[in-house]
Amino acid sequence: MRKFLIAGNWKMNLGREESLKLARSLVHTLPPDTHAQVAVIPTLAHLDTVTDAISGSPIALGAQNVSSEKKGAFTGEVSAAMLKEFGVKFVLVGHSERRHILGESDSFLNKKVHAVINEGLAVILCVGELLEEREKNKTNDVVGRQLELGLAGVTAAAVEKGLLVVAYEPVWAIGTGRTATKDQAQEVHAFIRQRLAAQFGAASAAGVRIQYGGSAKKSNAQELLAQPDIDGLLVGGASLLADEFVGIVQAAAAAKPGC
Ligand code: 13P
């Protein structure tokens, strides 16, 4: 049985004080038996503040970005080993904002995937199509290619250790208030699992958590999470509000009892 992973991607929001306040508020309000694994993903600049605030709680720490390199003359970069020193457990790779605004290619992202896994951290590989790609029925082609290139060389052994999470984030649903319907999301999640099965074997693929992201909120979390191949949510805007984020975590308990 896959345990839900509900992660809040704070993006480039919240200063130090605000990050501290939100992290403390989540520590106090999240029920101890959350039915889901919960992670917060603050800006790199406040990893130290947030890691202290959530210390001793079940909330895990994630990072929004990582260097593709291990060490050396890479000004401005932060390595996976450095993230691990902060207590980071999950690292986002391939978020659409990095693909489309910062121009990160699939081959570059593949190096980051390996950098994360080689450090024993879990990668959350984000994939998803643009609106015009969906309208031309290219969703599976785009997502399939992002998986194939992004996961090249990743072993079934790494997957079995739980070091791979995939997040399906249709670009047209991110920050737009327009959520994929539960059926649209489930269809792509099932396709992703099929591709993972082809690469890693059915048993390994069955253990991979596939999150949905894109205007997820308290009011739509339960119906999304009730879908057979939706194993969590990667939440942007709604994760900045304690009440919304806690509501999403609570929705997980009702969505698939027993998860
Ligand atoms: P929103 O929830 O704000 O649409 O953002 C989704 C996202 O990009 C999470 O990584």
Side-chain angles (χ1 to χ4, degrees), residues 2-66 78 82-92 95-97 121-124 126 165 167 169 173-177 179 209 211-226 230-257 259:
R2 298 180 293 268
K3 190 173 173 102
F4 284 131
L5 174 60
I6 310 289
N9 174 9
W10 295 356
K11 307 192 181 184
M12 200 172 72
N13 294 299
L14 309 181
R16 179 179 296 276
E17 281 307 312
E18 293 163 313
S19 300
L20 188 60
K21 200 169 153 213
L22 179 55
R24 282 188 177 149
S25 150
L26 294 178
V27 168
H28 289 123
T29 34
L30 279 172
D33 179 17
T34 56
H35 211 83
Q37 186 176 17
V38 177
V40 290
I41 314 181
T43 163
L44 289 175
H46 300 317
L47 283 177
D48 59 343
T49 300
V50 175
T51 200
D52 286 350
I54 62 176
S55 159
S57 83
I59 303 174
L61 187 66
Q64 297 176 18
N65 189 27
V66 65
V78 177
M82 291 166 179
L83 296 178
K84 197 172 169 177
E85 288 177 331
F86 283 111
V88 163
K89 297 280 183 280
F90 296 96
V91 184
L92 293 183
H95 192 280
S96 74
E97 287 144 20
L121 302 179
V123 65
I124 301 180
C126 305
V165 176
E169 298 205 304
I174 296 178
T176 57
T179 317
R209 290 181 291 184
Q211 297 178 296
Y212 168 80
S215 299
K217 43 188 175 282
K218 181 160 83 166
S219 59
N220 58 23
Q222 187 178 335
E223 66 168 15
L224 287 163
L225 290 169
I230 300 187
D231 312 311
L233 298 169
L234 183 54
V235 187
S239 73
L240 301 174
L241 306 166
D243 169 62
E244 270 288 324
F245 193 63
V246 170
I248 290 170
V249 174
Q250 283 164 341
K256 276 184 203 132
C259 265

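Note that the structure is predicted; figures quoted are calculated from it, not measured.
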Work out which heavy atom in [X] is nearest to a heavy atom in [Y]; give both atom names and the distance.
{"X": "Ala238", "Y": "Ile248", "answer": "CB-CD1, 4.1 Å"}
{"X": "Ser19", "Y": "Val50", "answer": "CB-CG2, 4.0 Å"}
{"X": "Gly177", "Y": "Ser215", "answer": "N-OG, 2.8 Å"}
{"X": "Ile174", "Y": "Ser96", "answer": "CD1-OG, 3.3 Å"}
{"X": "Val235", "Y": "Ala216", "answer": "CG1-O, 3.8 Å"}
{"X": "Ala36", "Y": "Lys3", "answer": "C-CE, 3.7 Å"}

Measure the shortest side-chain to side-chain distance between [X] and [Y] over non-hydrogen atoms and say whether it is less than 4.5 angstrom.
{"X": "Trp10", "Y": "Glu18", "result": "no"}
{"X": "Ile6", "Y": "Ser239", "result": "no"}
{"X": "Leu14", "Y": "Pro42", "result": "no"}
{"X": "Leu22", "Y": "Val40", "result": "no"}
{"X": "Thr179", "Y": "Tyr212", "result": "yes"}
{"X": "Leu83", "Y": "Leu44", "result": "yes"}
{"X": "Ile59", "Y": "Val27", "result": "yes"}
{"X": "Val78", "Y": "Asn65", "result": "no"}

Main-chain N/O of [Y] paired to [X] side chain as donor or acceptor, under 3.5 Å:
{"X": "Arg24", "Y": "Ala53", "result": "no"}
{"X": "Thr29", "Y": "Ser25", "result": "yes"}
{"X": "Asp52", "Y": "Thr49", "result": "no"}
{"X": "Glu223", "Y": "Asn220", "result": "no"}

Distance in Å, [X] [atom1] paired with [Y] [atom2], rounded so as to fall on 0.5 Å steps:
{"X": "Phe245", "Y": "Leu26", "atom1": "CZ", "atom2": "CG", "value": "6.5 Å"}
{"X": "Leu234", "Y": "Asn9", "atom1": "CG", "atom2": "CG", "value": "5.5 Å"}
{"X": "Leu5", "Y": "Lys89", "atom1": "CG", "atom2": "NZ", "value": "13.5 Å"}
{"X": "Glu17", "Y": "His46", "atom1": "CD", "atom2": "NE2", "value": "9.5 Å"}
{"X": "Lys11", "Y": "Leu92", "atom1": "NZ", "atom2": "CG", "value": "9.5 Å"}

If the test is side-chain contact (heavy atoms from CB on, under 4.5 Å), which one of Leu225, Leu233, Ile230, Val249 qualifies with Phe4? Leu225
Before giving the answer on side-chain contact (heavy atoms from CB on, under 4.5 Å), spell out for Asp48 and Glu85 the whole-Å C-alpha distance, their side-chain angles and the decisive distance to 0.1 Å. CA-CA 10 Å; Asp48 59 343; Glu85 288 177 331; over 6 Å; no
Side-chain donor-acceptor pair under 3.5 Å between Gln64 and His95, yes or no? no
According to salt bridge (charged side-chain N to carboxylate O under 4.0 Å, His left out), does anything in residues 230-243 pair up with another residue at least two apart or in another chain? List the pairs. Arg2-Asp231, Arg193-Asp231, Lys218-Asp243
